[in-house]
Amino acid sequence: MKNKIKISESFSETLGGRYRTDGPFSGEEFREGILYPAFQSLKEGKKLLIDFDGTYGYPTSFLEEAFGGLVRIIGSSIEVLDKLEFKSDEEPSLIKEVIGYIKNAKRED
Amino acid sequence: MKKLRNKLWMDRHAKKKHMHELKRSEKNRYIYIYEPYKKFEIYGTEGYYQSEKAKKRLIRKVSKESYDTLEAPENFSIFMNPEESLSFFSDIETRIEFGSPVYFDMKSIVQLSIDTIMYFLAILKRIKSSKSVVYSFKGSWPSNQKCRDLLDSSGFLKYVDSGRMKKDLSLLSEVIQIENGQKADNSIAKKVCDFAMSKLNLKRVEIKKLYVMIIELMTNTKHHAYNKARKNQFVLTDWYIFVRFINDNQALRFIFLDTGLGIPFTVKRKGFEPARELIGLGPNHVEYINSALKGEFRSRTGESYRGRGLPKIYSYFTNQYINNLTIISNHGYFAEDKKEDMNKRLRGTLFYWELSKES
């Protein structure tokens, strides 16, 4: 059975800002509560599918903190990209945007 | 003897009561002004502080009859008449800082806009939050009926104590009245998007960019009020949003106010800009706004993964998803056909944009 997170169902259809202090349903809350635990529990060779459809939209700060933040914790953008798959029928350009955040997340180290 | 003792007691008690009532009536006739917060400005950032002793120091008392009357300009709109409108607000703040009660004379206004109402609310809120100044202000409503209707429909009465009767606005379907907050509020953003979908007959996929824009602006309000804070300093950061549907051109008009420090004060300086500013040859504020919109690395945190909100909003404008984007921040006035610095300053940032069905 494929590991999957549909953000609009597992988290919220109306997303917030970057940090918990910014308000509800932040990128930090999503990463800590849902994304990171799911990522950590992946078995060898398995991938995690992230489904972006069904929400009102994805603020840049939410996406960057969720996925870029994941890279900053894991320490490797390659490892993150290897284990994640993305689905976004409503907004196909979102996938490229998220991949960009993942690739650029390590710049500060 | 007993009679004498009782009389003396009664006299003393009556005198005490009389003094107490005298004090109370005097108190009611006056406004007591305590030492206000002191303002400071360092490297372009500003704030307020107040020492513990100053909090208790009474400066003076002012008779309630001696209000300073300030007359609002006839064209009371920050976007259309920025210099005069901002000058009026600057006068209010100066008087409040000195503890003078103010009377806002709005009778002669013939043109009024929502951005001005929002900014007015922000100033009133800032005054109310001041811990030392016991403020007092009164005002008159505009004589012009159109302006009065605009004040009613804006939601202004939700935020002020007024003798004016609140009209039943539940049937008002063409606006989302002024909403206010400090954090990113996804429920308000959803409400605005649902309104846009119903008025412009759009699908949810088509308002995603609008949702992103609103959350980014709300989040920016909270983040970019950062400054090199001293103890006891405060910077009130709120956002306000208003939306109106214009039936004639089937478009929505949005106004968003952020009462932080403003884009020019919060973006990171590059190269020789700090030195140039010190000698008065620094970039104009509108140049800082332009630079921040174009994503030239300006995040005040220095982190390259931050500071993407404004460039995203600007890309929606350049790709014609939104129209007529106008931004006023501190002295900078940024619009498609006008990019210049004003003499007067707006505290914070004001955004205006339109969304139509054809976008």
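We name chains A, B, ... by the order of the sequence lines, and we start the count at 1 in each one.
The shortest heavy-atom contact between Thr219(B) and Arg18(A) is CG2-N, 4.4 Å. Here the shortest heavy-atom pairing between Pro59(A) and Ile215(B) reads CG-CG2, 3.5 Å. Across every non-hydrogen atom of Gly17(A) and Ala184(B), the tightest pair is N-CB, 4.4 Å.
In this structure the side chain of Glu90(A) never reaches within 4.5 angstrom of the side chain of Arg204(B), judged on heavy atoms. In this structure, the side chains of Lys208(B) and Thr55(A) come closer than 4.5 Å at one or more pairs of heavy atoms.
Taking CE of Met218(B) as the start and OG of Ser61(A) as the end, the distance is 12.5 Å to the nearest 0.5 Å.
Heavy atoms of other residues, nucleotides or ligands lying less than 6.0 angstrom from CD of Glu336(B) number 12 at most. Remark: Lys199(B) NZ is packed, more than 12 non-hydrogen atoms of other residues, nucleotides or ligands lying under 6.0 Å away. Atom CD1 of Ile73(A) sits in a crowded spot, with more than 12 heavy atoms from other residues, nucleotides or ligands closer than 6.0 Å.
With sequence neighbours excluded, the residues that form a side-chain hydrogen bond (donor to acceptor under 3.5 Å, both in side chains) with Tyr56(A) are Asp194(B).
Side-chain N or O atoms of Asn186(B) include one that pairs as donor or acceptor with a backbone N or O of Thr14(A) at under 3.5 Å.
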